[in-house]
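What follows is a single structure, and I will ask about it in a moment.
Keep in mind that this is a model prediction, so the values were computed, not measured.
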Amino acid sequence: MEMVPSEENQFVSKEIQNAAEEPRVLCIIQDITNAKTVNERLTLNLPASTTLFKLYEDVAHKAGYVNGTFDLAWGNASDTAPLDHNSEMPLSDSGFEPGGKRNFLQLTDKDGEQPQIASDESGTAESSGLDDSSQERFIGPLPRDASAGCSGDYSSPSYSYSSILNKSETGYVGLVNQAMTCYLNSLLQTLFMTPEFRNALYNWEFEESEEDPVTSIPYQLQRLFVLLQTSKKRAIETTDVTRSFGWDSSEAWQQHDIQELCRVMFDALEQKWKQTEQADLINQLYQGKLKDYVRCLECGYESWRIDTYLDIPLVIRPFGSSQAYGSVEEALQAFIQPETLDGANQYFCERCKKKCDARKGLRFLHFPYLLTLQLKRFDFDYTTMHRIKLNDRMTFPEELDMGPFIDVEDEKSPQTESCTDSGAENEGSCHSDQMSNDFSTDDCVDEGICLDSTSSSERVLKAKSLLSFELFSVMVHSGSAAGGHYYACIKSFSDGQWYSFNDQHVSKITQDDIRKTYGGSSGSRGYYSSAFASSTNAYMLIYRLKDSSRNAKCLSLEDFPEHIKKLVQKEKEFEEQEKRQREIERNTCKIKLFCIHPVKMMMESKLEVHKDKTLREATDMAYKLMELEGVVPLDCCRLVKYDEFHEYLERSYEGEEDTPMGLLLGGVKSSYMFDLLLETRQPDQVFQPYKPGEVMVKVHIVDLKNETIASPVSVRAYLNQTITEFKQLIAQATGLSAETMRVVLERCYNDLRLLYVPNKTLKAEGFFRSNKVFVESSESTDHQVAFTDSLLWKLLDRHGNTIRLLVLLPEQSPGTLANRTLCQKAGGESDMAFEGSKGNRKTVEAILEESTEKLKNLSLQQQHQGSSTSDSQKSSDTSDFEHIESPGQEPDSNSSLCVAADNRDLENRIRATPGSSGGASSDPDNHFACEERSDSEVNNDRSTSSVDSDILSSSHSSDTLCNADSGPIQLANGLDSHSITSSRRSKAHEGKKETWDTAEEDSGTDSEYDDNGKSKAEAQYLYFRAEPSSQDDSLWDAQKCLVVHVDKRITLAAFKQNLEPYVGVTSTQFKVFRVYANNQEFESVRLNETLSSFSDDNKITIRLGRALKKGEYRVKVYQLLVNEPEPCKFLVDTVFAKGMTVRQSKEELLPQLKEHCKLELSIERVRLRKKTWKNPGTVFLDYHVYEEDISISSNWEVFLEVLNEPEKMKSMSQLAVLTRRWSPSTMKLGPFQEVILESSSVEELKEKLSEISGIPLENLEFAKGRGTFPCDISVLEIHQDLDWNPKVSTLNVWPLYICDDGAVVFYRDSTEDPMELSEDERSELMKKESSRLLKTGHRVSYSPRKEKALKIYLDGGPAKDPGQD
């Protein structure tokens, strides 16, 4: 090796010196092959020339693995293909980014096998076995804890797809949590680890001819157990099992109780196993028997019933006690502890024929082979009315002796005997003449205890001595009563080792970990120890009887029945197939594919191609995918690199047809920063090569004479080209003259920039990947004026600010129909006829279009002649650049005919309209209609539009013109819905304001007329053109719909005046409503604001009705019904005016209520009051004046309240309070009653309440209601949840803050005791209250979430309600 001197005069290798000078690549590697290492990172800083082969070697040394036993993949997804082990390609050419940027990789399993740990002989990362080259790369060792974890493993939240591909080092397989199925996983693992249950399940043989395997629960459990025993995966799915339960995907998001699941699953298995050898399996393994008895203490007569059980529920804490049982033994003793029935609870003895003291209790007659204990940690707190979890400490032994608990009797007397189990489940009785032995022989056989013919007492002692149970499963719950997580701690009977089965993860644990599940606090914390109790504790315990004659071992693979061996082979083949498919997926490149189809236009799909497939083969696949067979020959297609967002063709692949796609695309990745485009050509055309570094320019040719903008022509240029060179390039592509050419670049934010500096480069002018320019090369003098004053500017400005709106007209426009029809006849037949919803209705005359100058002259000429407000004239003289003028002078009645006659010649000359044939040549906007916008323009518009987003004001919800929509939509006629920047707008209107005027600024009024009734809109020449719609929307079929192309800088007032000819009435007689995506409509009333918040294809509905004048406000009137289930009822829309008194508004309102609502009301018995959401507020007095005493705003809302007596509120100093009596003894709330107070005194409130209720003043208590009106609250909560009788003297201070009318006050009699409720009565009342409060929309605090019942469907799924769709 060649050595060179370093700065420290030491000789170092030349390789190292070169490595130090070249850029370095920072690699951060995450090892996801093991749960213990998934949160650790390995860091390598390597020269960019390092090969992938060397990278694998360095990672192997660093991680301590044998090279070749693991894969490296990009870390942005878990399913990416690995990097090539043997590639000599340097990192810089393999997608790694040098220069300090972090490159994230994942160390994954290779071919489904975990990496091999390097032995000491082979060398590890910490050993001195590193070669010189690895030391040259300055790879520092990273500490890594490889010790086996215990208790912490099962709580690790780090899961990944790769980490479940290999079986845990424990040899056991986990279960994937579908979403919230941890309870199911814990039970399934427990059943799998129960040898007797597993072996019995294996011995059952599935008959496919009798049942569908998909819905067979035993078969799917059998498959799952086979996979748990034989699979090489780390974890397997349970979806097939849940599908056999009849569950859909929503069930995965429901957490249930594990004990409830156990019962439901066992019931389902018993149903499925009928008429088989396993029919009684559940009972043989899990069922025990107990006696429920009542014994008379006077005569010894005993009434009893034999019950069976599958588990024993043990109480954690006795009812009403704060002290919990300390152990399972103590809880078992309490379970069988008899209760004395005396006093009012005496038992009627059939022998004594009277009520006597008695003992009631339970006796265990028989314990099952597998004993299940449920620790009842979930309870209901009747004080707070919430479900709670009891986290108290309860110990449980590893070996449990159940001998002391079987048939224990607390007292022995000649009159007290036990009765045998007759086999009946009904009640029975026995006494001294019905004596028998304590146990029948059958019971002993069921117990698995062999008894000989010894005496009764000896048999009992022998039975008790054999009742030793061994703990093997602890199902743990971590969390609260509202939700949590289950996992299982299970002991293997094969090696005696305890394991934690926590969904995907299986790990070894110790006895210390089992003791941690006892619950309670970790240490002594004194009085508050329960508050710090651990929420992770045992919930279900399963013990197995220690009996060598019955204790079984799990079947090994060799001992499997033949049908299970076949199932194992079948599952193995399926797993191998899945592994091969996964390997194919990991080597498949998935990339977006686009194609401009000659027939179907732009198509999008996803191309999935193996990394080893060549470009030629990929092109063939794309050709078939895009359905081009028979449309374009294959040799006329090629794949090119494409950027969808900018619609930019990055490069073509000439001469690389045989190159693998993996190399062309830079490897297999989950997502790419580019796409592919299948480009097509005509047979007589030649593909243009696209070189990296080129930029795409879409050139739109502008024709000033005809005022048209052509469809784009694509040109490719280089960023270092000058403007002069760029013009020559455009001249070659378009045939225009470069000498007179003007080029305008549309930059970001829709800013127009004239490119006039010859030697400036495209990069300096702001060109990027994809660009849009407008070019004009006429001999006109327009280029001699300033750009912002030129006709080119104005044309482009109109192009950028025109939007398309869909306007829905009313079904019938009254009043001016005759005039409009007359005008149409005088003006000649219209080319743009379209029909209204009525069959006999005449067509609306289309707006005639002319060139800009002619229309301006015509409009100015009409201004001198005076204009008419009649619809016939409006339909004749409305032009593209609409002239809005003051209708102050009334012309004679024949003016409309005169105007129509004057315009007849003009109409005949320019009949060609967008809807007619032959109009393309003369209509200046037809070229806009033909223009096709590319996807890049659409994307550019979306990303750079300056239109604001919609913001609906709560107080001015109808002022939608203040709001804006999201990004613009592509126009059908090709116009860009660009909003211009402020600088562009200001430049556009300097100088020639008389012809290109902006919409006037908002003057703060909602009226389009001034005090004299004249129009305030100044003369404006803003583009407006309307044409019939061809919409297929069924919602819009019944009425007329216009497509309006309009400059969005026009004011609403001008827009309405332009619409007058089509609506048939003046703009003051119709209203404009904006329609949003959810079909909600809001009225637009700010007439001086522009349409800048609108975007393409927004919908507008026109409704007939008087528009607001200056100082008028639209008001929604609701009726307040305080004692109705729905206290807020809409009545009418009306108009209030500034300066109007409340009484005057009531006088105008009452006739409307009579007409529309059939309400006959007296003005003296009607009250108006403030409405805030659903809350009633300030009472408005008759003499109050709007805008002086009462603030009013657009779309205001008020309450109308019908009084039972004349108004008592006479002064603003009074206070109106709504009161409601609460009666604890009946658990009912009375109706609302209004109390008028003269002051804010608490004493006065109490006096008024005492007066209306009859409650003595000293016993009266009150509380303020909470929330929105009517402040509903459950009768189970009101007595203790409200702040009763606050210690204040006035109502306007904390905690009351009653400062306005409409407050809700509850009151009660302090001497009235609450009703005593039984548990059933309380439960029934709780259901009623829950239903009532849910109907009124109020929260039910004692039912935080509605739980779904756990069901397993034996027929494969729930029966669908025929009433549901």
Side-chain angles (χ1 to χ4, degrees), residues 315 317-323 343-345 378-390 481 1122-1123 1125 1127 1217-1235 1242-1243 1245-1288 1291 1295-1296 1298 1303-1344:
V315 175
R317 191 188 299 170
F319 183 76
S321 172
S322 60
Q323 188 66 34
N345 292 328
F378 299 110
D379 205 351
F380 191 83
D381 189 340
Y382 288 103
T383 304
T384 62
M385 305 303 293
H386 286 84
R387 287 183 64 194
I388 59 171
K389 182 183 177 187
L390 304 175
V1122 293
N1123 285 309
V1217 179
L1218 293 167
T1219 65
R1220 200 172 187 187
R1221 180 168 181 174
W1222 157 243
S1223 299
S1225 60
T1226 60
M1227 302 289 283
K1228 290 183 179 178
L1229 284 164
F1232 278 103
Q1233 293 177 283
E1234 187 176 70
V1235 172
V1242 169
E1243 197 61 34
L1245 173 63
K1246 285 190 170 185
E1247 289 173 358
K1248 296 276 188 180
L1249 293 177
S1250 177
E1251 181 182 331
I1252 63 175
S1253 65
I1255 301 173
L1257 196 60
E1258 61 273 11
N1259 298 334
L1260 193 140
E1261 294 181 341
F1262 75 94
K1264 182 185 177 183
R1266 296 174 182 167
T1268 57
F1269 185 82
C1271 305
D1272 258 329
I1273 185 171
S1274 168
V1275 295
L1276 294 169
E1277 297 178 341
I1278 187 172
H1279 201 68
Q1280 67 269 5
D1281 274 17
L1282 294 184
D1283 185 11
W1284 290 97
N1285 219 28
K1287 305 301 181 184
V1288 292
L1291 299 175
L1296 297 176
I1298 299 177
V1304 175
V1305 171
F1306 297 98
Y1307 64 96
R1308 69 184 180 189
D1309 188 341
S1310 62
T1311 62
E1312 190 176 338
D1313 294 326
M1315 177 191 290
E1316 292 289 338
L1317 296 173
S1318 66
E1319 191 166 339
D1320 290 339
E1321 290 173 333
R1322 182 179 291 274
S1323 177
E1324 186 64 29
L1325 184 58
M1326 188 187 304
K1327 291 177 183 177
K1328 289 181 180 179
E1329 286 295 280
S1330 174
S1331 175
R1332 178 179 70 87
L1333 294 177
L1334 286 174
K1335 285 179 182 177
T1336 58
H1338 286 75
R1339 183 180 62 87
V1340 188
S1341 60
Y1342 53 81
S1343 182

Rounded at 0.5 Å granularity, tell me how far CZ in Phe378 sits from NZ in Lys389.
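Between Phe378 CZ and Lys389 NZ, I get 5.5 Å after rounding to 0.5 Å.
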Please walk me through it: do Val1235 and Val1305 pass side-chain contact (heavy atoms from CB on, under 4.5 Å)?
CA-CA 10 Å; Val1235 172; Val1305 171; over 6 Å; no
With distance as the sole test, does Ser1225 use its side chain to make a donor-acceptor pair with the main-chain N or O of Asp1313 at under 3.5 Å?
no
Could you grab the distance from atom CG of Leu1229 to atom OG of Ser1274, nearest 0.5 Å is fine?
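Result: 9.5 Å between the selected atoms.
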Side-chain contact, heavy-atom cut-off 4.5 Å: Gln1233 with Arg1221?
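Not touching, per the 4.5 Å side-chain cut-off.
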More than 12 non-hydrogen atoms from neighbouring residues, nucleotides or ligands closer than 6.0 Å to CD on Glu1319, yes or no?
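At most 12 heavy atoms, drawn from other residues, nucleotides or ligands, come within 6.0 Å of this atom.
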By the definition side chain to side chain contact (heavy atoms under 4.5 Å, CB included), identify the one residue from Leu1291, Leu1296, Ile1298 that meets it with Leu1245.
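The side chain to side chain contact (heavy atoms under 4.5 Å, CB included) with Leu1245 is passed solely by Leu1291 among Leu1291, Leu1296, Ile1298.
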Apply side-chain contact (heavy atoms from CB on, under 4.5 Å) to Ser1253 and Leu1260, showing your working.
CA-CA 10 Å; Ser1253 65; Leu1260 193 140; 4.2 Å; yes
Keeping the roles fixed (side chain from Ser1250, backbone from Ile1255), state whether a donor-acceptor pair exists under 3.5 Å.
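Pair found, side chain donor or acceptor close to backbone of Ile1255.
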Indicate yes or no: at least one non-hydrogen side-chain atom of Phe1269 is less than 4.5 angstrom from one of Val1122.
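Contact flag for Phe1269/Val1122 side chains = yes.
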Would you say that Ile1273 contacts Arg1266 through its side chain, given a criterion of any heavy-atom pair below 4.5 Å between the two side chains?
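With C-beta onward as the side chain, the pair stays apart.
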Met1227 side chain reached by Leu1276 side chain, heavy atoms, under 4.5 Å:
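The answer is yes; the side chains approach within 4.5 Å.
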How many angstroms lie between NZ in Lys1246 and OH in Tyr1307, if you round to the nearest 0.5 Å?
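It is 14.0 Å, given to the nearest 0.5 Å.
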So do Phe1262 and Asn1285 actually touch side chain to side chain, heavy atoms under 4.5 Å?
yes
Between Arg1220 and Phe1306, is NZ or CZ placed under 6.0 angstrom from the six-membered ring centre and within 45° of the ring axis?
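Here Arg1220 fails the 6.0 Å and 45° test against Phe1306.
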Once you round to the nearest 0.5 Å, how far does OG1 of Thr1311 lie from CG of Asn1259?
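Between Thr1311 OG1 and Asn1259 CG, I get 4.5 Å after rounding to 0.5 Å.
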With Glu1234, which residues qualify under salt bridge (Lys or Arg N to Asp or Glu O under 4.0 Å), at least two apart?
Arg1167, Arg1169
State the CH2-CD distance between Trp1222 and Glu1312, to the nearest 0.5 angstrom.
8.5 Å
Test item: Glu1329 and Met1326 side chains (from C-beta on) under 4.5 Å apart, heavy atoms:
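The answer is no; the side chains never approach within 4.5 Å.
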Sequence neighbours excluded, which residues qualify as side-chain contact (heavy atoms from CB on, under 4.5 Å) partners of Pro1295?
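If we apply the side-chain contact (heavy atoms from CB on, under 4.5 Å) test to Pro1295, skipping adjacent residues, the hits are Asp1283, Pro1286, Val1288.
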Considering all heavy atoms of both residues, which atom of Leu1317 and which atom of Glu1321 are nearest to each other, and what is their separation?
CA-OE1, 3.5 Å
Residues which pass side-chain hydrogen bond (donor to acceptor under 3.5 Å, both in side chains) with Lys1264, listed by chain and number, not counting sequence neighbours
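Lys1264: no side-chain hydrogen bond (donor to acceptor under 3.5 Å, both in side chains) contacts found.
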Would you check if the side chain of Asp381 reaches a backbone N or O of His386 as a donor-acceptor pair within less than 3.5 Å?
no
